[in-house]
Asks: 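Before anything else, here's the structure in question.
Residue numbers count from 1 along this sequence. Below, each value reflects all heavy atoms present in this structure, side chains not excepted, and no hydrogens, waters or symmetry copies.
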Amino acid sequence: MPSSRSPGRQRLALFVAAAVTLITSCLVVVPAMAAAPVLLSQGKPATASSSEVAAFPAPSAVDGNLGTRWSSAFSDPQWIQIDLGATADITQVVLNWENAYGKAFQVQTSPNATTWTSIYSTTTSTGGTQTLNVTGSGRYVRMYGTQRSSQWGYSLWEFQVFGTIGTTPPDPTPTPTPTVTPDPVGDKLLSYGKPGSASTSQSDQNCGDCIPARAFDRDPATRWATSSTTGWVDPGWISVDLGATAQIKKVVLQWDPAYARAFQIQVSPDGNAWTPIYSTTTGTGFKQTLNVTGSGRYVRMYGTQRATAYGYSLWEFQVWGTGGAPITPPPLPPDPAVPPRLVWSDEFNGAAGTKPDAAKWKPETGPGVNNELQYYTNNDNASMDGAGSLVMEARKQVTAGSGCPRDPLSGSTTCQYTSSRLNTYGKFSFTYGRVEARIKPSGTKGIWPAFWLLGADFFDQNRPWPYVGEIDIMEHVGKEPHNVYSTIHAPAYFGGGGFGSPYTIAGNFNDAFHVFAVDWNSKGMRFTVDGNLIHEVNRETLEATRGPWVFDHPFFMILNNAVGGDWPGPPDATTVFPQRMLVDYVRVYQ
């Protein structure tokens with residue numbers, strides 16, 4: 001994180017305030033005959049979904065030192081958990097936040113670090129030092145963050161848990177982590193985060209850092225591939241070390257288009273002598289879920305015939321079973337409630353001329369992408385109309401000193417048009433829900449209005465498109481006045497190969513308002529116009545026919561009214577300016 005957001009004087013003030021809070025929090029008047037709650041968490045084993053860098057690990061939040069902290073990756077959700085060593089009655093939790101605090105989070109307890117119960121929840125946290133009086137029981141206590149307050153991650157100087165553990169004082173010695181994790185609830189993902197090796201790996205402009213670890217990170221937008229210089233040969237293989245002997249029940253392979261026609265799944269006790277437990281000469285690529293039976297510490301995909309002229313490549317290689325030494329992966333986000341509730345909205349009811357709410361929207365400025373011809377302004381082209389709508393206006397207006405693709409009408413490479421593009425990044429991002437907007441699109445040749453979502457890791461982690469994922473709820477190109485399109489994009493299907501459908505009406509879309517929506521959860525998406533189905537995405541079908549689903553992480557919203565671009569083409573002599581895209585409301589339900 002940039003140091004500018006945590007200057008020395010600010011940290012000193014936090015230190016002093018926290019120290020005072022800790023002192024006063026200990027002055028508890030305990031009723032007679034009651035067991036006094038004690039600090040249970042200090043020095044106990046702590047783990048987290050991620051750490052920003054090695055200098056900010058999870059144990060730093062339970063060491064009693066207000067000068068050290070845990071800090072997470074810059075995405076949602078994230079968590080930090082403490083193993084108290086034995087079941088405890090939890091009465092109080094103190095969270096001493098750094099500036100990067102959780103705006104929405106839960107405090108959860110668990111008997112086994114697998115099944116969690118929420119004992120505190122908020123969506124309006126203000127950070128600082130929060131003393132939460134709670135009631136709950138469990139061996140494990142977790143802060144589970146679902147919405148960050150800033151573009152950074154989650155960061156805690158201290159995470160303190162108070163309560164009692166029966167009549168026996170808590171053991172001051174940290175409980176060692178067992179080599180083999182008990183498995184009381186069935187098969188587990190054994191390969192997550194485990195070390196891998198391969199016959200070769202690719203790292204070039206087409207697939208940078210495509211090393212074996214990328215197949216075991218439960219990130220469907222990263223992959224392993226054999227070397228483009230030495231690895232486009234047979235055989236080719238990738239293996240994983242599970243850390244201890246395991247009973248293998250299932251192997252899941254999510255192939256890149258460079259898949260294996262013939263391959264084996266093999267197991268080994270030592271990484272040297274291999275035994276096949278599955279074999280095929282008719283591999284189909286995409287997602288293959290293989291029910292197998294075998295035992296070993298090492299599991300290998302051993303490819304003997306490539307399906308293409310390229311090598312072998314896997315987005316994901318998952319091994320499921322019992323035993324091993326599994327690492328618990330970060331929890332997946334919860335599906336929306338049934339029925340969902342409104343969690344964010346903008347009704348655009350400001351007075352005429354009012355600019356978009358800066359607490360909700362950020363204007364993007366400068367030239368566009370995809371060979372667009374407009375210059376996006378700092379809200380010069382966006383304002384309320386006083387009648388309940390946001391107006392995003394595209395104009396024939398030169399921006400001196402700018403640079404755009406050559407405009408066919410003028411022959412100039414100075415941007416000849418201006419317009420508006422707004423996004424919610426850093427202000428509101430979310431995973432899953434119903435997203436809807438009532439919009440009257442602009443509509444003339446060469447205009448491209450849109451309402452869409454982009455993965456927040458585009459900015460959080462500087463991950464490139466299309467690896468971040470894109471969800472286009474509505475795109476309209478002026479040369480097709482009767483049509484709108486809904487499309488999703490990911491590394492295996494993007495651009496002209498994106499997965500989507502058009503929707504056609506008898507009239508022109510720019511003649512009236514329409515409600516454009518997507519219902520999105522862990523199983524798929526359903527796109528509608530005025531309640532009518534445009535396009536449906538079934539996750540299992542997508543993975544089995546197109547490629548990985550990359551939509552289990554936070555996205556932010558974008559509204560824009562583009563001029564020109566690869567799809568609509570440039571304006572011509574028939575184009576009419578100005579063109580107004582009207583937005584009545586935008587709402588998100590979860």
Asks: Do the side-chain N and O atoms of T123 and Q147 include a donor-acceptor pair separated by under 3.5 angstrom?
Replies: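 Not at all, the side chains of T123 and Q147 share no donor-acceptor pair under 3.5 Å.
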Asks: Is the backbone N or O of V161 less than 3.5 Å from a side-chain atom of S41, with the two atoms forming a donor-acceptor pair by type?
Replies: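 Such a contact is found between S41 side chain and V161 backbone.
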Asks: For the residue pair H489 and W465, does the interplanar ring angle fall in the parallel (under 30°), tilted (30 to 60°) or perpendicular (over 60°) class?
Replies: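 H489 vs W465 ring planes: tilted.
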Asks: Got a donor-acceptor contact below 3.5 angstrom from the D335 side chain to the S522 backbone?
Replies: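 Yes, because the side chain of D335 sits within donor-acceptor range (under 3.5 Å) of the backbone of S522.
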Asks: Please check if any side-chain donor atom of W79 sits under 3.5 Å from a side-chain acceptor atom of Q81, or the reverse.
Replies: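 Looking only at side-chain atoms, Q81 and W79 do not form any donor-acceptor pair under 3.5 Å.
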Asks: Sequence neighbours excluded, which residues qualify as salt bridge (Lys or Arg N to Asp or Glu O under 4.0 Å) partners of R546?
Replies: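 If we apply the salt bridge (Lys or Arg N to Asp or Glu O under 4.0 Å) test to R546, skipping adjacent residues, there are no hits.
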Asks: Are the side chains of K362 and N423 in contact, using a 4.5 Å heavy-atom criterion?
Replies: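 Result yes, sub-4.5 Å side-chain heavy-atom pair found.
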Asks: For E540, look at atom CD and say whether over 12 heavy atoms of other residues, nucleotides or ligands are found less than 6.0 Å away.
Replies: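 At most 12 heavy atoms, drawn from other residues, nucleotides or ligands, come within 6.0 Å of this atom.
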Asks: Does any part of the side chain of V62, heavy atoms only, come nearer than 4.5 Å to the side chain of Q42, both counted from C-beta?
Replies: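 Q42 does not reach V62 side chain to side chain.
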Asks: Kindly compute the distance separating CZ (F527) from CG (D519), expressed to the nearest 0.5 Å.
Replies: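 Going from the CZ atom of F527 to the CG atom of D519 covers 10.0 Å.
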Asks: So which heavy atom on E158 is nearest to which on L66, and how close?
Replies: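 Closest approach of E158 to L66, heavy atoms only: CG-CD2, 3.7 Å.
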Asks: Please report the closest heavy-atom contact between A113 and S110, naming both atoms and the distance.
Replies: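 Heavy atoms only, the tightest pair is N-OG, 2.8 Å.
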Asks: Tell me if a side-chain donor or acceptor on W152 pairs with a main-chain N or O of Y101 at a distance below 3.5 Å.
Replies: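 It does not hold such a pair.
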Asks: Say you draw a straight line from CG of L559 to OG1 of T424; how long is it, rounded to the nearest 0.5 Å?
Replies: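 Rounded to the nearest 0.5 Å, the CG-OG1 separation comes to 9.0 Å.
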Asks: Which distance, rounded to the nearest 0.5 Å, do you find between the CD of E436 and the OH of Y589?
Replies: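 So the CD of E436 and the OH of Y589 are separated by 4.5 Å.
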Asks: Do P330 and R218 have side chains that get closer than 4.5 Å, going by heavy atoms?
Replies: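 P330 reaches R218 side chain to side chain.
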Asks: Are a donor atom and an acceptor atom from the side chains of S429 and D76 found within less than 3.5 Å of each other?
Replies: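 No, D76 and S429 have no side-chain donor paired with an acceptor closer than 3.5 Å.
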Asks: Carefully, step by step, assess V435 and F430 under the rule side-chain contact (heavy atoms from CB on, under 4.5 Å).
Replies: CA-CA 10 Å; V435 189; F430 60 100; 3.5 Å; yes
Asks: What residue among T109, N112, T87, D83 forms side-chain hydrogen bond (donor to acceptor under 3.5 Å, both in side chains) with R139?
Replies: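 With R139 as partner, T109, N112, T87, D83 yield a single side-chain hydrogen bond (donor to acceptor under 3.5 Å, both in side chains), made by D83.
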Asks: Report the C-alpha separation of S125 and F105 in whole Å, then their side-chain angles, then the decisive distance to 0.1 Å, and conclude whether the side-chain contact (heavy atoms from CB on, under 4.5 Å) test is met.
Replies: CA-CA 8 Å; S125 169; F105 67 88; 3.6 Å; yes
Asks: May I ask you to test the P333-Q590 pair for a side-chain heavy-atom distance under 4.5 Å?
Replies: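 SC-SC contact between P333 and Q590 ruled out.
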Asks: Can you name the nearest heavy-atom pair linking W320 to L190, along with the distance?
Replies: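 Looking at all heavy atoms of both residues, the closest pair is C-CD1, 4.2 Å.
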Asks: Just wondering, more than 12 heavy atoms not from K103 lying within 6.0 Å of its NZ?
Replies: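 Not buried by this count: 12 neighbours or fewer within 6.0 Å.
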Asks: So, for P491 and P466, which heavy atoms are closest and what is the spacing to 0.1 Å?
Replies: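 The pair with the smallest heavy-atom distance is CD-O, 3.5 Å.
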Asks: Strictly distance-based, threshold 3.5 Å: is any side-chain N or O of K194 a donor or acceptor partner for the main-chain N or O of I327?
Replies: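 Pair absent, no side-chain N/O of K194 close to backbone of I327.
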Asks: Evaluate the ring pair (Phe, Tyr, Trp, His ring centres under 6.0 Å) criterion for residues F317 and F216: first the C-alpha distance (whole Å), next the side-chain angles of each, then the deciding distance (0.1 Å), finally the verdict.
Replies: CA-CA 6 Å; F317 179 5; F216 308 117; 5.5 Å; yes
Asks: Examine R587 relative to Y585 and say whether NZ or CZ is less than 6.0 Å from the centre of the six-membered ring and inside a 45° cone about the ring axis.
Replies: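 Cation-pi check for R587 and Y585: passes.
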Asks: Which pairs pass salt bridge (charged side-chain N to carboxylate O under 4.0 Å, His left out) with one or both residues in residues 420-431, sequence neighbours excluded?
Replies: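 Counting only pairs at least two positions apart or across chains, the salt bridge (charged side-chain N to carboxylate O under 4.0 Å, His left out) contacts touching residues 420-431 are E364-R421.
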Asks: Cation-pi check, R214 to W224: give yes when NZ or CZ is under 6.0 Å from the six-membered ring centre and within 45° of the ring axis, no otherwise.
Replies: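 Geometry flag: not set, cation outside 6.0 Å or 45°.
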Asks: Could you grab the distance from atom CH2 of W549 to atom CD1 of I488, nearest 0.5 Å is fine?
Replies: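 It is 6.5 Å, given to the nearest 0.5 Å.
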Asks: Please report whether the ring centroid of F555 lies less than 6.0 Å from that of H553.
Replies: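 They qualify: ring centres under 6.0 Å apart.
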Asks: Within the side chain of K249, is there an N or O that forms a donor-acceptor pair under 3.5 Å with the backbone of D187?
Replies: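 Side chain of K249 to backbone of D187: no pair is present.
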Asks: Measuring from atom OG1 of T222 to atom CG of L314, what distance do you get when rounded to the nearest 0.5 angstrom?
Replies: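 Spacing of OG1 (T222) from CG (L314) equals 11.0 Å.
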Asks: Taking the six-membered ring for Trp, are F499 and Y493 parallel (under 30°), tilted (30 to 60°) or perpendicular (over 60°)?
Replies: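 If you compare the ring of F499 with that of Y493, the planes turn out perpendicular.
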Asks: If only side-chain N and O atoms count, and only distance matters, is there a donor-acceptor pair under 3.5 Å linking D460 with Y425?
Replies: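 On atom types as modelled, these side chains qualify, holding a pair under 3.5 Å.
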Asks: Please check if any side-chain donor atom of S71 sits under 3.5 Å from a side-chain acceptor atom of E98, or the reverse.
Replies: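 No, no side-chain donor-acceptor contact under 3.5 Å.
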Asks: Are the side chain of E470 and the backbone of T487 linked by a donor-acceptor contact shorter than 3.5 Å?
Replies: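 It does not hold such a pair.
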Asks: Name the orientation class of the two ring planes belonging to Y154 and W97 (parallel below 30°, tilted from 30 to 60°, perpendicular beyond 60°).
Replies: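 Aromatic pair Y154/W97 classed tilted.
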Asks: Side-chain contact, heavy-atom cut-off 4.5 Å: R434 with P336?
Replies: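 No; the side chains remain at least 4.5 Å from each other.
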Asks: Assess, by modelled atom type and distance only, whether the side chains of Y432 and D552 contain a donor and an acceptor separated by less than 3.5 Å.
Replies: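 There is such a pair (donor and acceptor under 3.5 Å, judged by atom type) between the side chains of Y432 and D552.
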Asks: Please report the interatomic distance CG(L39) to CD(Q92), rounded to the nearest 0.5 Å.
Replies: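 Answer rounded to 0.5 Å: 10.0 Å.
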Asks: Search all heavy atoms of I90 against all heavy atoms of V93 and return the closest pair with its distance.
Replies: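 Nearest heavy atoms, I90 then V93: CG2-CG2, 4.1 Å.
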Asks: Considering all heavy atoms of both residues, which atom of S60 and which atom of T68 are nearest to each other, and what is their separation?
Replies: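 It is O-OG1, 3.3 Å.
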Asks: Check whether any side-chain heavy atom of W361 sits under 4.5 Å from a side-chain heavy atom of N379, and report yes or no.
Replies: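 Counting from C-beta outward, W361 and N379 never come under 4.5 Å.
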Asks: Just to verify, which of W344, F459, F458 counts as forming a ring pair (Phe, Tyr, Trp, His ring centres under 6.0 Å) with F556?
Replies: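 Testing F556 for a ring pair (Phe, Tyr, Trp, His ring centres under 6.0 Å) against W344, F459, F458 leaves exactly one candidate, F459.
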Asks: Taking S486 for its side chain and M474 for its backbone only, find out whether a donor-acceptor pair lies under 3.5 Å.
Replies: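 No, the answer is negative, given that no donor and acceptor are paired below the 3.5 Å cut-off.
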